[in-house]
Trainee: 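Here's a structure for you.
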Amino acid sequence: MKAALLNKPAPVSSNPLVVTDVATPAPGPGEILIRVSYCGVCRTDLHVVEGELPQRKSPVIPGHQVVGRIESFGEDLKSGAKAGQKFKVGDRVGVAWLHHTDGTCQYCRMGAENLCDHPTFTGYTVDGGYAEYVVADEDFVYAIPPSFTDQQAAPLLCAGIIGFRSLRLADVKAGDRLGFYGFGAAAHLAIQVALHWKAEVYALTRDERHRRLALELGAKWAGDTFDTPPEPLDAAIVFAPAGEIVPAALKILRKGGSVVLGGIHMSPIPSFSYDLLYQERVVRSVANNTRKDGEDFLCIAAEIPIRSHVKIFPLTEANRALNSLKSDAIEGAAVIQVLDN
């Protein structure tokens with residue numbers, strides 16, 4: 001099969017992904033083989049490709065927002081031996097970042113599988129969706145609501161799910177004033193949920209095009225990253241991986257407000273006065289997602305319905321897609337077209 005392979009982490013400006021022929025994977029017990037149609041491009045892919053996340057598999061095929069159709073099953077699923085089998089050959093499914101959890105650690109047992117002690121991750125510790133085929137655990141894939149096209153669905157599988165979890169951790173309620181730092185793939189989906197929940201959204205981002213998109217999508221106000229919104233905020237979600245934003249976000253919170261850090265990687269957070277944190281302000285991170293997050297989000301995404309703004313790149317231009325993402329040249333989400341199913 002064709003795949004975009006990362007042999008060694010390197011700056012995306014050096015175009016480190018190599019599109020080449022590799023062996024088509026075979027599904028093992030409990031697994032399914034998926035013929036990929038589209039795969040979203042995520043900032044986490046940048047962190048993997050550039051080595052900001054420690055290398056865990058080499059070589060590796062990145063990509064963890066995968067939409068495709070089931071081609072075949074592992075032997076146990078073929079025979080129907082597994083109780084509760086959910087899918088059949090030809091079904092359209094989505095694959096997200098969380099590939100597998102051990103199911104036995106204290107976090108899995110308490111319903112926090114996103115914090116599992118022994119997880120595997122699509123496109124990082126196992127091969128992902130920048131390829132014609134990908135293998136996934138049947139228990140960790142999602143049925144895609146029929147109202148979404150493949151290319152529209154791809155960004156929902158990480159940008160959408162993580163944005164949704166960030167909103168949950170921010171405890172967003174009707175009437176809340178909510179700030180988004182950075183307005184890329186995750187924020188342009190999360191704003192649609194926040195507005196559905198009757199919150200007011202204030203967008204803070206360095207790119208004029210992204211401020212314009214935020215206003216088009218219904219933001220009450222949009223300014224530069226370090227501007228001050230017209231009103232104190234109840235919560236702020238930081239999607240940009242820039243640690244210097246954290247003190248700035250605390251400055252514009254009301255008493256008791258929350259700053260939620262929505263990324264897997266962030267540059268160092270500078271020291272700041274305790275006065276910014278005092279009055280019961282909170283800073284917390286988001287780590288991965290649970291399957292329940294994904295299921296709940298896809299239901300509400302179809303109900304709204306959410307619309308993804310996408311820019312399509314062919315698999316052969318995966319490096320260009322990553323470079324465009326890094327330079328903030330994408331309005332909405334970048335999506336790689338693998339096969340035209």
Side-chain angles (χ1 to χ4, degrees), residues 1-26 33-68 71 94-99 120-136 150-151 153-159 162 184-186 240-241 263-267 288 308 310-341:
M1 68 174 184
K2 294 288 183 188
L5 202 64
L6 177 69
N7 290 300
K8 182 180 179 182
V12 292
S13 58
S14 68
N15 297 324
L17 296 181
V18 179
V19 178
T20 186
D21 289 313
V22 299
T24 301
L33 178 67
I34 299 164
R35 185 172 184 257
V36 179
S37 57
Y38 289 86
C39 184
V41 180
C42 179
R43 192 162 290 274
T44 299
D45 299 337
L46 273 179
H47 300 319
V48 170
V49 170
E50 297 201 310
E52 290 168 321
L53 295 179
Q55 189 174 16
R56 298 278 298 276
K57 181 182 186 299
S58 181
V60 67
I61 301 169
H64 58 272
Q65 301 182 100
V66 189
V67 178
E71 189 86 357
V95 182
W97 171 247
L98 190 64
H99 173 265
T120 53
F121 299 113
T122 311
Y124 180 40
T125 64
V126 299
D127 285 331
Y130 289 13
E132 292 177 330
Y133 293 91
V134 67
V135 163
D150 290 7
Q151 66 189 58
L156 304 180
L157 292 163
C158 182
I162 288 299
I264 194 172
H265 171 82
M266 178 174 272
S267 63
N288 312 312
S308 307
V310 299
K311 181 173 176 59
I312 305 297
F313 297 81
L315 179 62
T316 53
E317 296 184 15
N319 284 306
R320 185 165 72 88
L322 288 170
N323 277 284
S324 296
L325 177 60
K326 186 166 186 179
S327 63
D328 291 332
I330 306 295
E331 292 186 34
V335 175
I336 290 174
Q337 181 176 358
V338 181
L339 294 173
D340 189 14
N341 285 3

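Worth knowing before you read on, the calculation uses all heavy atoms, side chains too, and leaves out hydrogens, waters and symmetry mates.
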Trainee: As an exercise, state the distance from CD of Glu52 to OG1 of Thr44, rounded to the nearest 0.5 Å.
Mentor: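 Taking CD in Glu52 and OG1 in Thr44, the distance rounds to 10.5 Å.
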Trainee: Taking the side chain from Ser58 and the backbone from Asn7, do they hold a donor-acceptor pair closer than 3.5 Å?
Mentor: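 Pair found, side chain donor or acceptor close to backbone of Asn7.
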Trainee: Hey, are the side chains of Ile34 and Val135 touching, using non-hydrogen atoms and a 4.5 Å cut-off?
Mentor: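 Counting from C-beta outward, Ile34 and Val135 never come under 4.5 Å.
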Trainee: Looking at every heavy atom in both Leu315 and Ala131, which two are closest together, and how far apart are they?
Mentor: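 So the minimum-distance heavy-atom pair works out to CD1-N, 4.3 Å.
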Trainee: Any side-chain heavy-atom pair from Val310 and Pro155 closer than 4.5 angstrom?
Mentor: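 Yes. Closest side-chain heavy atoms under 4.5 Å.
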Trainee: side-chain contact (heavy atoms from CB on, under 4.5 Å) between Tyr38 and Leu339: does it pass, once the steps are laid out?
Mentor: CA-CA 7 Å; Tyr38 289 86; Leu339 294 173; over 6 Å; no
Trainee: Working to the nearest 0.5 angstrom, can you tell me the gap between Ile330 CD1 and Ser324 OG?
Mentor: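 It comes to 4.5 Å.
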Trainee: Can you measure from CD (Gln337) to SG (Cys39) and round to the nearest 0.5 angstrom?
Mentor: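 One gets 12.5 Å once the value is rounded to the nearest 0.5 Å.
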Trainee: Determine the minimum heavy-atom distance between Val22 and Ala3, stating which atoms define it.
Mentor: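 That closest heavy-atom pairing would be CG2-CB, 3.8 Å.
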Trainee: Go through Val338 and Ser37 one step at a time and tell me if the side-chain contact (heavy atoms from CB on, under 4.5 Å) criterion holds.
Mentor: CA-CA 5 Å; Val338 181; Ser37 57; over 6 Å; no
Trainee: Indicate the atoms forming the closest heavy-atom contact of Leu157 with Val67, along with that distance.
Mentor: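 Nearest pair, atom of Leu157 first, then Val67: CD1-CG2, 3.8 Å.
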Trainee: Measuring only between side-chain heavy atoms, which start at C-beta, is Phe121 closer than 4.5 Å to Asn288?
Mentor: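 Yes. Closest side-chain heavy atoms under 4.5 Å.
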Trainee: One pair to check against salt bridge (Lys or Arg N to Asp or Glu O under 4.0 Å): Asp150 and Arg35. What are the steps and the verdict?
Mentor: CA-CA 12 Å; Asp150 290 7; Arg35 185 172 184 257; over 6 Å; no
Trainee: Quick one: does any side-chain atom of Gln65 pair with a main-chain N or O of Ala159 as donor and acceptor, under 3.5 Å?
Mentor: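 Such a contact is found between Gln65 side chain and Ala159 backbone.
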Trainee: For the CG atom of Leu325 and the CG atom of Asp45, what is their distance to the nearest 0.5 Å?
Mentor: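 So the gap between those two atoms works out to 8.0 Å.
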Trainee: How close do Gly123 and Val48 get, heavy atom to heavy atom, and via which atoms?
Mentor: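 The pair with the smallest heavy-atom distance is O-CG1, 4.0 Å.
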Trainee: Taking the side chain as every heavy atom from C-beta outward, state whether Met1 and Asp21 have any atom pair closer than 4.5 Å.
Mentor: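 A side-chain contact under 4.5 Å is absent here.
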Trainee: State whether a side-chain donor-acceptor pair under 3.5 Å links Thr122 with His64.
Mentor: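 His64 and Thr122 do not have a side-chain donor-acceptor pair below 3.5 Å.
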Trainee: Sequence neighbours excluded, which residues qualify as salt bridge (charged side-chain N to carboxylate O under 4.0 Å, His left out) partners of Lys311?
Mentor: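 If we apply the salt bridge (charged side-chain N to carboxylate O under 4.0 Å, His left out) test to Lys311, skipping adjacent residues, there are no hits.
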Trainee: Which atom pair, heavy atoms only, marks the closest approach of Ala318 to Tyr130?
Mentor: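 The pair with the smallest heavy-atom distance is CB-CD2, 4.3 Å.
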Trainee: For residues Pro25 and Asp127, determine if any side-chain heavy atom of one lies less than 4.5 Å from a side-chain heavy atom of the other.
Mentor: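 Result no, sub-4.5 Å side-chain heavy-atom pair not found.
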Trainee: Would you call Glu50 and Pro11 a side-chain contact if the rule is heavy atoms closer than 4.5 Å?
Mentor: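 Sidechains of Pro11 and Glu50: in contact.
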Trainee: Find out whether Ile61 and Leu6 are in side-chain contact, i.e. whether some heavy atom of one side chain is under 4.5 Å from a heavy atom of the other.
Mentor: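 With C-beta onward as the side chain, the pair stays apart.
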Trainee: If I take atom OG1 from residue Thr125 and atom NZ from residue Lys57, how far apart are they, to the nearest 0.5 angstrom?
Mentor: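 Result: 9.0 Å between the selected atoms.
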Trainee: If we only count heavy atoms from C-beta on, is the Ile264 to Leu53 side-chain gap below 4.5 Å?
Mentor: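 Answer yes - side chains close enough.
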Trainee: Is there a donor-acceptor pair under 3.5 Å between the side chain of Asn319 and the backbone N or O of Leu17?
Mentor: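 Yes; judged by distance alone, with no hydrogens or angles, the pair exists.
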Trainee: If the threshold is 4.0 Å, N to carboxylate O, is there a salt bridge linking Arg43 and Asp328?
Mentor: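 Between Asp328 and Arg43 there is a salt bridge, with a charged N closer than 4.0 Å to a carboxylate O.
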Trainee: Please check this pair: side chain of Asn323 against backbone of Val12, looking for a donor-acceptor N/O pair closer than 3.5 Å.
Mentor: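 Here the side-chain-to-backbone pair exists.
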Trainee: Pro62 and Val49: which non-hydrogen atoms are nearest, and at how many Å?
Mentor: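 In terms of heavy atoms, the two residues are closest at CG-CG2, 4.2 Å.
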Trainee: In chain order, what residues pass the ring pair (Phe, Tyr, Trp, His ring centres under 6.0 Å) check against Tyr124, with sequence neighbours excluded?
Mentor: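 Only Trp97 meet the ring pair (Phe, Tyr, Trp, His ring centres under 6.0 Å) criterion with Tyr124.
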Trainee: Where the side chain of Glu132 meets the backbone of Lys2, is there a donor-acceptor pair that is under 3.5 Å apart?
Mentor: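 Yes; judged by distance alone, with no hydrogens or angles, the pair exists.
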Trainee: Can you tell me how far CG of Leu33 sits from OG1 of Thr24, rounded to the nearest 0.5 angstrom?
Mentor: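 So the gap between those two atoms works out to 7.5 Å.
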